[in-house]
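Remarks on the structure that follows.
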Amino acid sequence: MAFLVPVLILVVSFLAAYYLWRRSYPDTDNEPPMFPGALPLVGHSLQLIGDSCKLWNAINDLAQKSYDIGGVVAAAIGPRTIYVITDPDDFFTVANACLQKDDFYDFAKPWLGEGLVTGTVSIWKNHRKLLNPAFSQTVLDSFIGVFNSQSRKLVKDLKKEVGKGMFDHWTYTRHNSLETICLTALGVDFTDHTILNSRYVQAAEEIFYTMVDRFQKFWLHSPMTFKWSGVKRTQDRCLKILHDMSNSVLQKRKSDMTGNVLSERKTGMSSGTKFKPFMDLLLELAIEKNVFNDREIREHIDTMIVGGHDTSASVLMFTLLLLGSHPEAQEKAYQEIQEVFEGSDRDVDKHDLCKLVYLEAVLKESIRMYTIVPVVARKLDRNVQLKKYKLAAGRTCFAFLCGIHKHPMWGPDADQFNPDRWLSPDTLPDNPNAYVGFSLGRRMCIGKAYAYMSMKTSLTHILRNYRIHGDHKQLVLKIDVMLKPVSGYNISIEKRTR
Ligand code: HEM
């Protein structure tokens, strides 16, 4: 008889799991159809297991299915049902109705805590209001000196690659971007700390990988199983490096503060340039209004470092690859720069930026083609009525920003790099929500204007010094939270003669 006990436990567990799984099926009228191939208990999870290229392919398959049936499809990860949206209007509806990020963002909480990207709505609302002034146009304008000097530094660093054939410009661009965010947002000069920077960049790459790895292995979703896994041990090792960096940034600024240089800082990078870094605002609010404790400040710093450098650097790298693959577009961008600057090598100023219309079109098209934040997710805290379907409260809703950017509304050339489409409303989709590179609604990117300013400045300096060659068709893509090429960002550069 004793053997019956384990059998009984097994049968009861199976029935309980089956019940939970069934319960996760539509319980509102008119839910989106389920992507074919879901298995009991595990749903589509087996299709996700594998390397992060496989995940990228699965995302594209889901996006395709979603277009076919009206912009939304359901899928199952383990016993939970999730929705996938590729329709821009439906994403707009969800983005405004539900501000809470999904539980999957908790995978990043040991690192980013209640920083803006991962923050719980109640905390986020208050903090976003307090932090918005740090990204005002006046503050951003004061960063232009740093953007110029950092871009000149990048041009100088790249010089050693001239005429040497293909190289991966990841190291140069990523480090440069990390230094820029430390200087502008944090007010700390890490330009001479190459070892610290390399370890940080490496650890950030690795921790993103652990998050995706955990996502793909649905049995690690529970904190109970995750706690004992090798993935957690890797994450802890990375966290130590990442937190050491942000803590040292915090200590450095605090000691500056004791030296009474908090309220207005001279960068030393660009003589006469004064600006107030984001970090100083945090420290001032902590002291004067008692709103942030040390842990919260560190979490905001971590969020700004990662949100601010990896994203802009990735866009810059994909853009150079695209321009390298489209010499006519590169020439057009170069000619525009020559006209705006009348052939001179002077620094970019705030008035130049709005004149660089084609360059902005290039950046937008690059973000559309290679959407570096391909997916965002919200927790549905209410039923949400979309154009065609109704989403049930309690579920996860993924918006495939990459899918929205290739939606049939972009026309038959949606897969082609065509910056010219941005030059006239007639060649753009007749939908204001079709471009979602920085997300939509109240939780959209706080750093959008910062990103365009820094990327336009860098591109101006790079393009007037070098002619770029590359082939984006060689890219094999993967998703490590952000979109990345497996094969590296390989380009070659040639000095321009003016
Ligand atoms: C081209 C560069 C960038 C792209 C494509 C980008 C994209 C995005 C996207 C799609 C989101 C929404 C994330 C989500 O809902 O999970 C986001 C949020 C955010 N981004 Fe960016 N970003 C860029 C640059 C920056 C920069 C330069 C900063 C800071 C200096 C920054 C800081 C943030 C923050 C703090 C959030 C969270 C906003 C909130 O929830 O209130 N980003 N970004």
Below 30° counts as parallel, above 60° as perpendicular, anything between as tilted: where do the rings of [X] and [Y] land?
{"X": "F398", "Y": "F215", "result": "perpendicular"}
{"X": "F318", "Y": "Y370", "result": "parallel"}
{"X": "Y435", "Y": "H405", "result": "parallel"}

Side chain proximity check, [X] to [Y], heavy atoms < 4.5 angstrom:
{"X": "R378", "Y": "Q100", "answer": "no"}
{"X": "F400", "Y": "H407", "answer": "no"}
{"X": "K125", "Y": "L99", "answer": "yes"}
{"X": "Y209", "Y": "E205", "answer": "no"}
{"X": "S45", "Y": "I77", "answer": "yes"}
{"X": "M279", "Y": "I301", "answer": "yes"}
{"X": "Q235", "Y": "S229", "answer": "no"}
{"X": "M304", "Y": "I446", "answer": "yes"}

Heavy-atom pair of closest approach, residues [X] and [Y]:
{"X": "E114", "Y": "T120", "value": "OE1-N, 2.7 Å"}
{"X": "K54", "Y": "L46", "value": "NZ-O, 3.9 Å"}
{"X": "L475", "Y": "S487", "value": "CA-OG, 4.1 Å"}
{"X": "I297", "Y": "L250", "value": "CG2-CD1, 3.6 Å"}
{"X": "N490", "Y": "L321", "value": "O-CD2, 3.5 Å"}
{"X": "A393", "Y": "N383", "value": "N-OD1, 2.7 Å"}

Quick one: [atom1] on [X] to [atom2] on [Y], what's the gap to the nearest 0.5 Å?
{"X": "L316", "Y": "L154", "atom1": "CG", "atom2": "CG", "value": "7.0 Å"}
{"X": "M453", "Y": "D141", "atom1": "CE", "atom2": "CG", "value": "5.0 Å"}
{"X": "S439", "Y": "K448", "atom1": "OG", "atom2": "NZ", "value": "10.5 Å"}
{"X": "D480", "Y": "I207", "atom1": "CG", "atom2": "CD1", "value": "12.5 Å"}
{"X": "I82", "Y": "R395", "atom1": "CD1", "atom2": "CZ", "value": "10.5 Å"}
{"X": "L242", "Y": "N247", "atom1": "CG", "atom2": "CG", "value": "11.0 Å"}

Is the number of heavy atoms from other residues, nucleotides or ligands under 6.0 Å of [X] [atom1] greater than 12?
{"X": "K387", "atom1": "NZ", "value": "yes"}
{"X": "D430", "atom1": "CG", "value": "no"}
{"X": "Q202", "atom1": "CD", "value": "no"}
{"X": "F92", "atom1": "CZ", "value": "no"}

Listed by chain and number, what are the side-chain contact (heavy atoms from CB on, under 4.5 Å) partners of D103, not counting sequence neighbours?
-> R80, D106, K379
Under the side-chain contact (heavy atoms from CB on, under 4.5 Å) test, which residues partner K289, sequence neighbours left out?
-> L285, V291
Full working for salt bridge (Lys or Arg N to Asp or Glu O under 4.0 Å) between D244 and K240 = CA-CA 6 Å; D244 277 355; K240 164 115 186 46; 2.8 Å; yes
Verdict with reasoning, R421 to D413, per salt bridge (Lys or Arg N to Asp or Glu O under 4.0 Å) = CA-CA 10 Å; R421 77 172 84 235; D413 67 343; 3.2 Å; yes
Could you walk me through whether I241 and R199 pass side-chain contact (heavy atoms from CB on, under 4.5 Å), step by step?
-> CA-CA 7 Å; I241 299 168; R199 288 185 70 211; 3.6 Å; yes
Test log, rule salt bridge (Lys or Arg N to Asp or Glu O under 4.0 Å), inputs K65 and D61 | CA-CA 6 Å; K65 180 70 186 170; D61 290 347; over 6 Å; no
Is it true that a side-chain atom of R368 and a backbone atom of A414 form a donor plus acceptor pair closer than 3.5 Å?
-> yes
Is there a donor-acceptor contact under 3.5 Å from the side chain of N30 to the main chain of K388?
-> yes
W422 and E360 side chains, donor-acceptor separation under 3.5 Å | no
Among F278, F147, F438, the one residue meeting ring-ring contact (aromatic ring centres under 6.0 Å, His included) with Y450 = F147
Pairs satisfying ring-ring contact (aromatic ring centres under 6.0 Å, His included), at least one member in residues 34-57, at least two apart = F35-H44
